[in-house]
Amino acid sequence: MENKLEILETHIENSLDHFGDYKNRSEEELRLMAGRIEELLSSVEDLIDYAETEADAKRAANLLRRLRNNKTRIHNCQTGRK
């Protein structure tokens, strides 16, 4: 479980770094990013359900919080343009 969590943490960190600044993205890019974040949210929620230790659950919860924050930022950019 810990290995899966480390891999997912690294993947999420790289994905969010790659996304960069949302305000300079096109509407299509924002939709694609939001879709990718939804997929990652689903994966992290599954990890929380199957966490073997309290520490793993907390790490997964922190990832979930970070993804939800980025989802909100994307949503705010999308609604701010309309």
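Keep in mind it's a predicted model, so treat the numbers as computed, not measured.
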Cut-off 3.5 Å, side chains only: do [X] and [Y] have a donor facing an acceptor?
X: Asn70; Y: Arg73; result: yes
X: Arg59; Y: Asn62; result: no
X: Asn24; Y: Asp21; result: yes

Mark yes or no for whether Arg36, through its side chain, and Arg31, through its backbone, hold a donor-acceptor pair below 3.5 Å.
no
Side-chain (Ser42) to main-chain (Glu39) donor-acceptor, under 3.5 angstrom
no
Between [atom1] on residue [X] and [atom2] on residue [Y], distance to nearest 0.5 Å:
X: Leu41; Y: Arg68; atom1: CG; atom2: CZ; result: 6.5 Å
X: Lys4; Y: Asp46; atom1: NZ; atom2: CG; result: 10.5 Å
X: His18; Y: His11; atom1: NE2; atom2: NE2; result: 11.0 Å
X: Ile74; Y: Leu32; atom1: CD1; atom2: CG; result: 10.0 Å
X: Gln78; Y: Met33; atom1: CD; atom2: CE; result: 10.0 Å
X: Leu8; Y: Asn3; atom1: CG; atom2: CG; result: 11.5 Å

Given [X], which partner from the list [options] fulfils the side chain to side chain contact (heavy atoms under 4.5 Å, CB included) test?
X: Arg25; options: Glu27, Glu29, Glu28; value: Glu29
X: Leu63; options: Leu40, Leu47, Leu5; value: Leu5
X: Phe19; options: Leu30, Asn14, Ile37; value: Ile37

Residue pair Ala57 / Ile48: nearest heavy atoms and the distance that separates them
O-CG1, 4.4 Å
